Amino acid sequence: MATQHPDNACSPYWLSDASGPFSEFSAKLSSHGTHVPFKFIGGRFVTTFKEPEEAYRCYSDLGCEEYMWDWEGKHADESVVEKLYERYLDFFKKKPLGKEITLSFRIPNVWKETNYRLAHAFESILSANDFAHDNQMHQPPIVETYLPMTTSADQLIYVRQKYEHIANAFQELKASGPKSIDVIPLVEEVELMMTADKLVDDYIEKCKANSMQASVLSKEDMRVWFARSDPAMNCGMIPAILAIKAGLSGLSKLTKKTGITFHPMIGVGCLGFRGGLSPDSVQYFVREYPGMRTVTLQSAFRYDYPQAKVQKAVSKLNTALNTQAIEIEQSEEKKIAALIEIFSKEYKNTVEALTDNINDISAFVPERRERKLHTGVFGYARSIGKKKLPRAVKFSAAFYSLGVPPEFIGAGRGILEARKAGLLETLERNYTNLRLDLETAGRFLNKENLKALSQRNPAYAKIALDVELIEDYLGTELGPHTSEDFMHRNVTSNILLLFLDGLDITEDVVRAGEIRKSLG
């Protein structure tokens, strides 16, 4: 599933530097002598106007089977289906939406955003069906929605009921459209991911109680989406991975109880902290997550690697995501819960002390999409302790830009505590790529920067300790290996020096992102 997550460092291969309304706006500013910051220069910024073409390219050029139309915290074109069919009708006649390929909506969370945007998303779904009908295309073109930050079955029921209310109103206007629609939970909290089966089981029972003819009941299958970036940002990379493993196991067991087959999804970026799925790592990723059936291919995956390599990786994923989840015994789940507590505690204490510094750095990470202003300074009031956090891409980019990979935060101290508690074997048994991921993150480590930062903030000294403990665990020294790794180290050295002098670091932040093939 291709998504609109804005983590690409390079320009999309299909986007011209000199095209689009945003570039025209930048040109006008420049012609009047106004300085246009590097982070706002067109060519890497995908406007809402350009996103329908992006969706088409992901289907036709790259072989993606699904594209997520994102209404969460950003502007979204309400007539996307009309534009896709009007511009690329021949293609979609061969591969109709809702039949051969999927266009799904990530809808606003009404407990975090305003209600009217949810209504707009539903009206768009219903209008798209009318347009498809009038043009003799498959109906309905859109059959699934994702609810971000799902915390209860009641939220899923509420959204479905609101949709059905609007659909009934459309029927009174003699308009067509699906009377009901799937609402797929996107679970983002570590505690909830571990027990996702309980949330889903509750939802199924409440669907029955409300006499809802959900496809989850009629087709005997259901999708469940596990987040990966936000859980890592809130609790650390290792707790996020372990929680997903427990969640996959729970869904597998729930199949035996309900007879419903679950098709788990995971939202991942290219860099290790945000998931570690890139065109170079497909085989290792599939090995780590048996049972996953859908993965997100975010902007960096699609645009920061050669197109031929991306096409090959997408093709491989389309056939490789067919394995069975590993079921975990209850005694093992208790050990996993203990590990999550150990690693989360070390991570949270460290990050909370660094939020001001990371927020300052993240301000230089360039925008890639048109975001809406909404609740909280950073949107949805993401926080750790009493501190506000930037979005996951900018959070990760800030740490990588300093040469301090966030994979290490709390990890070394956590491994030490796990060993003392006799839980190290449990960790290694349930996190297959642990050593590989730590060694890969080590390539982006700038020890000189970390030493300098440690002298300014004791929290960085704790990360330096993490690095030492991880090197002891791995039995090898972390640091750059290849010529590109050393180039990345040099650029991150420049970033720290410029930042400490109060200068603009945006160009170097982008350059470092280009080298590691993702902003964050």
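Fair warning: this is a prediction, and the values are worked out from it, not measured in the lab.
Checked against side chain to side chain contact (heavy atoms under 4.5 Å, CB included), Thr151 has the following partners two or more places apart in sequence or in another chain: Gln155, Glu189, Leu192. Partners of Glu428 according to the salt bridge (Lys or Arg N to Asp or Glu O under 4.0 Å) rule, which considers only residues two or more places apart in sequence or in another chain, are Arg435. Partners of Ser299 under the side chain to side chain contact (heavy atoms under 4.5 Å, CB included) rule, at least two apart in sequence or in another chain, are Asp7, Asn8, Arg302, Tyr303, Arg369. Evaluation of the salt bridge (Lys or Arg N to Asp or Glu O under 4.0 Å) rule for Asp201 yields Lys257 as partners, not counting sequence neighbours. Taking the side-chain hydrogen bond (donor to acceptor under 3.5 Å, both in side chains) definition, one finds that Thr350 meets it with Arg413, sequence neighbours left out. The side-chain hydrogen bond (donor to acceptor under 3.5 Å, both in side chains) check on Thr440 picks up nothing, with sequence neighbours excluded. Every residue was checked against the side-chain hydrogen bond (donor to acceptor under 3.5 Å, both in side chains) condition with Thr195, not counting sequence neighbours, and none meets it. Qualifying side-chain hydrogen bond (donor to acceptor under 3.5 Å, both in side chains) partners for Thr482, counting only residues two or more places apart in sequence or in other chains: Asp485. For Tyr289, the ring-ring contact (aromatic ring centres under 6.0 Å, His included) partners at least two apart in sequence or on another chain are Phe285.
Checked for salt-bridge contact, Lys50 and Glu370 miss the test: no charged N lies under 4.0 Å from a carboxylate O. Residues Glu333 and Lys253 are paired through a salt bridge, judged by an N-O separation under 4.0 Å between the basic side chain and the carboxylate. Electrostatic pairing of Lys451 and Glu448 does not count as a salt bridge here, judged by no charged N lying under 4.0 Å from a carboxylate O.
Residue pairs meeting the side chain to side chain donor-acceptor pair (under 3.5 Å) criterion with at least one member in residues 397-406, sequence neighbours excluded, are Tyr400-Glu407. Contacts classified as side chain to side chain donor-acceptor pair (under 3.5 Å) and involving residues 241-251 (residues at least two apart or in different chains) are given here: Lys245-Glu288. Contacts classified as salt bridge (Lys or Arg N to Asp or Glu O under 4.0 Å) and involving residues 304-324 (residues at least two apart or in different chains) are given here: Asp280-Lys309.
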